[in-house]
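Atoms within each ligand, like the ligands themselves, are counted from 1 in listed order. Here the structure is a predicted model, which is why all the values come from computation and not from measurement. Heads up: numbering here begins at 1 and tracks the sequence.
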Amino acid sequence: MQQSKIWLSSPHMGGTEQKYVQEAFDTNWIAPLGPNVNGFEKDLENYVKENSKVACLTSGTSAIHLALVMAGVTHGDDVLCQSFTFSASANPIAYQGANPVFVDSEKDTWNLCPVYLEQAIEAGISKGKKPKAIIVVHLYGMPAKIDAVAAIAKKYEIVLIEDAAEALGSTYKGQKCGTFGDFGILSFNGNKIITTSGGGALVCRNEETKNKAVFLATQARDTAVHYQHSEIGYNYRMSNIVAGIGRGQMEVLDAHIGFRRDMHHFYQELFKEFVGVTVFTEPAKEYHSNHWLSCIVIDEEKAGFTSQALRLQLEKDNIESRPLWKPMHLQPVFKDCAYYGAAVAEALFEKGVCLPSGSNLTTSDRDRIAKSIKKLL
Ligand SMILES: *Cc1c(COP(=O)(O)O)cnc(C)c1O
């Protein structure tokens with residue numbers, strides 16, 4: 001008999017979510033505004049701190065899109081973007097008719113390489129075209145070298161957008177990811193560290209910027225009794241039902257991070273027996289990852305098996321795993337875009353695997369995972 005599937009990262013409800021959803025029904029706040037939206041925003045502001053103002057939206061993707069709109073990115077502009085990421089980081093650049101310019105990762109955090117970033121900026125300037133924005137990602141929950149990246153953004157006066165979709169709760173030098181840039185974005189999609197089924201948020205540096213984001217997210221209505229518009233608007237505001245799930249999830253966020261970090265320790269122990277397998281971990285004590293997904297890199301020569309072999313073994317035992325993100329500069333849809341870097345992201349894609357990391361995995365799930373992986377020894 002086939003055992004039940006072990007997922008990479010599945011929704012994990014805390015228990016109080018339905019109470020907030022019920023309140024929305026009881027008070028007939030079935031709309032993309034209401035007490036849950038306001039409450040969820042307050043919860044997030046208190047959580048990420050640094051005097052952030054948060055606008056809850058329909059998705060992380062729409063948050064990136066609004067950040068680009070507010071950064072003034074328009075047709076023909078260049079936007080620098082980490083290549084090693086999920087396509088949602090880059091797609092909104094195309095929505096604006098702008099050109100993504102992809103930049104490689106460094107080896108310590110797997111995120112945006114400050115050296116290639118500066119090279120890309122200098123190349124743009126020398127052609128008379130300074131990039132309009134930088135999108136840096138905290139991939140798999142690992143904080144990027146955000147000090148260095150932010151210093152470059154400041155030096156060249158370029159808007160910095162931090163994609164913290166996978167990094168809610170991660171910190172660099174004690175400061176929450178998503179609060180370093182001009183804009184930060186969060187995601188509450190089904191597989192993220194907390195989920196509202198679908199949803200996202202834009203982390204802003206002040207109230208004025210947040211108000212502008214909410215204005216654009218609600219069809220950009222001018223102050224007038226009739227419907228009047230002077231700008232193009234969007235329908236990107238979060239629903240009060242969805243926000244109710246978010247309020248419940250906030251109550252278990254830190255516990256979920258604890259579980260995910262514990263899964264990471266589980267893999268560190270498990271792979272001690274193996275040669276040629278590296279568990280991706282924080283490069284220094286300044287970095288604190290939520291370990292959204294635990295990842296490993298396999299040196300085929302030393303390990304005696306490939307990332308593909310490991311994945312197929314797990315699949316046979318009904319356990320989900322996945323290759324690391326395929327870099328954007330290697331994606332057919334972005335094949336004509338500029339790229340600055342070497343082959344760091346490319347090598348990670350070839351050798352890496354994401355392993356089951358959910359906060360709801362049980363001891364018996366761990367035993368099954370360990371048993372399956374050890375078949376490769
Ligand atoms: C999930 C994700 C997004 C997009 O968030 P959605 O809420 O799914 O639109 C953006 N960037 C990264 C790195 C992600 O993992």
*Asks:* Could an N or O of ligand 1 be found under 3.5 Å from any N or O of Glu166, whether backbone or side chain?
*Replies:* yes
*Asks:* What is the closest protein heavy atom to atom 2 (C) of ligand 1, and at what distance does it sit?
*Replies:* Lys192 NZ, 2.8 Å
*Asks:* Go through Ser170 and His138 one step at a time and tell me if the side-chain hydrogen bond (donor to acceptor under 3.5 Å, both in side chains) criterion holds.
*Replies:* CA-CA 9 Å; Ser170 298; His138 305 289; over 6 Å; no
*Asks:* Any chance you could lay out the side-chain contact (heavy atoms from CB on, under 4.5 Å) test for Met328 and Cys81, step after step, and finish with the verdict?
*Replies:* CA-CA 9 Å; Met328 292 304 111; Cys81 182; 5.7 Å; no
*Asks:* At a 4.0 Å threshold, what atoms of ligand 1 neighbour a non-hydrogen atom of Thr61?
*Replies:*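 The list of qualifying atoms is 4 (C), 5 (O), 6 (P), 9 (O).
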*Asks:* Out of all atoms in ligand 1, which are within 4.0 Å of some heavy atom of Ser59? Include the element for each.
*Replies:* 7 (O), 9 (O)
*Asks:* Of all the atoms in ligand 1, which lie at a distance below 4.0 Å from a heavy atom belonging to Ala165?
*Replies:* 2 (C), 3 (C), 10 (C), 11 (N), 12 (C), 14 (C)
*Asks:* Centroid separation under 6.0 Å, is that true for the rings of Tyr234 and His65?
*Replies:*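 Distance test on ring centres: under 6.0 Å, yes.
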*Asks:* Heavy atoms only: which of Asn189, Asp163, Ile135 lies closest to atom 8 (O) of ligand 1?
*Replies:*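 Checking each option, the heavy atom nearest atom 8 (O) of ligand 1 is found in Asn189.
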*Asks:* Taking the basic N atoms (NZ, or NE/NH1/NH2) and the acidic carboxylate oxygens, is any pair closer than 4.0 Å for Arg247 and Glu17?
*Replies:* no
*Asks:* Taking only non-hydrogen atoms of Gly199, do any sit less than 4.0 angstrom from ligand 1?
*Replies:* yes
*Asks:* Under 3.5 Å, is there a donor on one side chain and an acceptor on the other for Thr209 and Asn206?
*Replies:*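 A pair is found: one side chain offers a donor N or O, the other an acceptor, under 3.5 Å apart.
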*Asks:* Taking only Lys NZ, Arg NE, NH1 and NH2, and the carboxylate oxygens of Asp or Glu, determine whether Lys5 and Glu315 approach each other closer than 4.0 Å.
*Replies:*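 Glu315 and Lys5: not salt-bridged.
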*Asks:* Should Gly60 be counted as touching ligand 1, given the test is an N or O pair under 3.5 Å?
*Replies:* yes
*Asks:* Relative to the heavy atoms of Ser89, which atoms of ligand 1 are at a distance of less than 4.0 Å?
*Replies:* 11 (N), 13 (C)
*Asks:* Heavy atom to atom 7 (O) of ligand 1, shortest distance: which of Gly141, Gly198, Ser187, Gly200 holds it?
*Replies:* Ser187
*Asks:* For atom 4 (C) of ligand 1, which protein heavy atom lies nearest, and how many Å away is it?
*Replies:* Ala88 CB, 3.5 Å
*Asks:* Decide if atom CD of Glu208 counts as having more than 12 heavy atoms of other residues, nucleotides or ligands within a radius under 6.0 Å.
*Replies:* no
*Asks:* Under 4.0 Å from any heavy atom of Thr85, which atoms of ligand 1 are there?
*Replies:*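 So the atoms of ligand 1 that pass are 13 (C).
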*Asks:* Would you say Gln331 and Ser87 make side-chain contact, with heavy atoms under 4.5 Å?
*Replies:* no
